[in-house]
Novice: 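One structure is given below, represented as structure tokens, and several questions about it will come after.
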Amino acid sequence: MLVVGAHSADFVWRSAGAVAKHTAAGGEALVVALSYGERGESGVLWKQEGQTEENVKKIRHEEAAGAAAVLGAEFRALDLGDYPLRVGDEAVERLASIMRDFAPHVVLTHPENDPFNPDHPVAHRAVAKARLLTSGAGVASAFRTAPPSEFLAFEPHQPELCGFTPSVFVDITDVFGRKVEAMGHMAAQRYLQEYYAQRAEHRGNHARKVTGDAGIRQAEAFQRLLPNVVGAL
């Protein structure tokens, strides 16, 4: 599983449960942050006297790495800057190279639209392009490729305004404690912890209605970006 976020904390709020489920079942998970969110999402840290951008990045790296470790995942940051996040051709190729080496069976990232965050759509476009460059056109290519992966968007903060319609719910009931612990590492954005804990409860309610499984208490929502291919219905 590969999770790519625009900022270092994005994976925790939106997919920590899915990552924990994946690693608990024996899978590998890699989290890549295109930036640390050092300018636009670290307001609490900037209240400290004498704060510097490099120190904010260091703190954000430690937070995200600690959260990823709780989930059994590896964390890497490309440090491309945020607000605005700019992902040029070289950065896209770096991301494609990571995908070729890691060869994920599923890639998670932001949905295509977000009217309240300038960096999330940029991240989506970069991941989509890198994924295509990783798999090629389905025929022999003049460059190294990896098998096509599943491609899903994780839930944005304002789903209705981002054109996000859930098509997959992941039951995270048995790993919800690990998600809460991971969120606890993100001290620079402590204000989001309660919101995303409540969101997991809301999506758990939706998942119960879909399945009739009363044992589901918390869930995370995702939207498939490509058709799901099956042998039969």
Side-chain angles (χ1 to χ4, degrees), residues 1-15 29-43 45-46 52-65 67-68 73-139 141-154 156-157 162-164 186 188-189 223 225-226:
M1 175 181 287
L2 174 66
V3 186
V4 183
H7 313 108
S8 58
D10 290 333
F11 79 99
V12 178
W13 317 124
R14 298 166 172 89
S15 62
L30 172 61
V31 175
V32 174
L34 300 181
S35 82
Y36 287 115
E38 66 275 6
R39 285 163 47 87
E41 302 195 349
S42 303
L45 298 178
W46 284 104
T52 66
E53 188 168 299
E54 287 307 309
N55 190 54
V56 170
K57 289 180 181 180
K58 178 177 179 290
I59 293 170
R60 294 280 286 185
H61 187 99
E62 291 172 352
E63 288 181 351
E74 178 188 350
F75 174 76
R76 299 184 198 173
L78 300 191
D79 193 13
L80 300 177
D82 72 312
Y83 285 81
L85 171 65
R86 294 188 174 95
V87 186
D89 291 343
E90 182 180 348
V92 170
E93 182 52 42
R94 286 174 64 191
L95 188 55
S97 181
I98 290 171
M99 291 182 181
R100 293 183 192 116
D101 291 340
F102 190 60
H105 82 278
V106 58
V107 174
L108 309 178
T109 194
H110 300 272
E112 185 175 9
N113 300 309
D114 191 330
F116 293 108
N117 192 296
D119 294 345
H120 293 171
V122 174
H124 173 90
R125 290 191 294 271
V127 174
K129 185 174 183 179
R131 183 186 168 279
L132 289 176
L133 291 173
T134 298
S135 60
V139 295
S141 302
F143 52 88
R144 186 166 59 98
T145 62
S149 65
E150 291 192 68
F151 193 25
L152 289 85
F154 43 56
H157 195 75
C162 298
F164 178 89
M186 313 312 292
Q189 291 179 281
Q223 182 177 8
L225 300 174
L226 296 171

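Throughout, residue positions are numbered sequentially from 1 according to the sequence presented.
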Novice: Could you grab the distance from atom CZ of Arg76 to atom CG of Leu78, nearest 0.5 Å is fine?
Specialist: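 Between Arg76 CZ and Leu78 CG, I get 9.0 Å after rounding to 0.5 Å.
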Novice: Applying side-chain hydrogen bond (donor to acceptor under 3.5 Å, both in side chains), which residue pairs with at least one partner in residues 114-125 are found, sequence neighbours left out?
Specialist: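 Found His7-Asp119, Glu41-Asn117, Tyr83-Asn117, Asp114-His120, Asn117-His120.
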Novice: Can you list the steps and then say if Arg94 with Ile98 is a side-chain contact (heavy atoms from CB on, under 4.5 Å)?
Specialist: CA-CA 6 Å; Arg94 286 174 64 191; Ile98 290 171; 5.5 Å; no
Novice: Rounded to the nearest 0.5 Å, how far does OG1 of Thr145 lie from CG of Leu133?
Specialist: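 Spacing of CG (Leu133) from OG1 (Thr145) equals 11.5 Å.
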Novice: Given side chains that start at C-beta, do those of Phe116 and His157 come closer than 4.5 Å, heavy atoms only?
Specialist: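 With C-beta onward as the side chain, the pair stays apart.
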Novice: Check Arg131 against Pro148 and note the closest heavy-atom contact, atom names and distance.
Specialist: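 Minimum heavy-atom separation between Arg131 and Pro148: NH2-CB, 4.1 Å.
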Novice: Flag the pair Glu90 / Leu80 as yes when at least one side-chain heavy-atom distance between them is below 4.5 Å, and no otherwise.
Specialist: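 Answer no - side chains too far apart.
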Novice: What are the two closest heavy atoms between Ser15 and Val3, and how far apart are they?
Specialist: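 The answer is OG-CG1, 3.5 Å.
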Novice: Please list all pairs meeting side-chain hydrogen bond (donor to acceptor under 3.5 Å, both in side chains) that have one or both residues in residues 31-40, counting only residues at least two apart or in different chains.
Specialist: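 Listed once each, the pairs are Tyr36-His61.
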Novice: Looking at Leu85 and Val122, what are the two nearest heavy atoms and their distance?
Specialist: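 Smallest heavy-atom distance, with atoms named: O-CG1, 3.6 Å.
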Novice: Would you indicate whether Arg86, at its atom CZ, is surrounded by more than 12 heavy atoms from other residues, nucleotides or ligands within a distance under 6.0 Å?
Specialist: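 Open.
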Novice: Tell me if a side-chain donor or acceptor on Thr134 pairs with a main-chain N or O of Ala130 at a distance below 3.5 Å.
Specialist: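 Yes; at least one donor-acceptor contact below 3.5 Å.
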Novice: Evaluate the side-chain proximity of Pro156 to Pro111: yes if any heavy-atom separation is below 4.5 Å, no if none is.
Specialist: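 They are in contact (side-chain heavy atoms under 4.5 Å apart), so the answer is yes.
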Novice: For Met99 and Pro104, work out which heavy atoms get closest and say how close.
Specialist: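 Taking every non-hydrogen atom into account, O-CD, 3.5 Å.
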Novice: Can you confirm whether Glu112 sits close enough to Cys162 that some side-chain heavy atom of one is under 4.5 Å from a side-chain heavy atom of the other?
Specialist: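 A side-chain contact is absent here, since even the closest heavy-atom pair is not under 4.5 Å.
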Novice: Given the rule in the side-chain contact (heavy atoms from CB on, under 4.5 Å) test, do Leu108 and Phe11 qualify, once you have shown the distances and angles that lead to the verdict?
Specialist: CA-CA 9 Å; Leu108 309 178; Phe11 79 99; over 6 Å; no
Novice: List the atom of His110, the atom of Val4, and the distance in Å for their closest heavy-atom pair.
Specialist: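 Shortest heavy-atom separation between His110 and Val4 comes out as CD2-O, 4.1 Å.
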Novice: Looking at Ala68 and Glu74, what are the two nearest heavy atoms and their distance?
Specialist: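 Closest heavy-atom pair between Ala68 and Glu74: CB-C, 4.4 Å.
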Novice: Applying the side-chain contact (heavy atoms from CB on, under 4.5 Å) criterion to Lys57, which one of Leu45, Thr52, Asp79 satisfies it?
Specialist: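 Of all the options given, the one that passes is Asp79.
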Novice: So which of Val87, Leu95, Asp89 actually passes side-chain contact (heavy atoms from CB on, under 4.5 Å) with Lys129?
Specialist: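 It is Asp89; the other options fail the test.
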Novice: First locate atom CG of Asp82, then atom OG of Ser42, and finally report the distance between them rounded to the nearest 0.5 Å.
Specialist: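 It comes to 7.0 Å.
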Novice: Does a side-chain N-to-carboxylate-O contact under 4.0 Å join Glu54 and Lys58?
Specialist: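 No, no charged N to carboxylate O under 4.0 Å.
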Novice: Show the numbers, then the answer: is there a side-chain contact (heavy atoms from CB on, under 4.5 Å) between Glu63 and Ser8?
Specialist: CA-CA 8 Å; Glu63 288 181 351; Ser8 58; 5.9 Å; no
Novice: Listed by chain and number, what are the side chain to side chain donor-acceptor pair (under 3.5 Å) partners of Glu53, not counting sequence neighbours?
Specialist: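 Glu53: no side chain to side chain donor-acceptor pair (under 3.5 Å) contacts found.
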Novice: What's the separation between atom CD in Glu62 and atom CZ in Phe75, rounded to the nearest 0.5 Å?
Specialist: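 Reported to 0.5 Å precision, the distance equals 11.0 Å.
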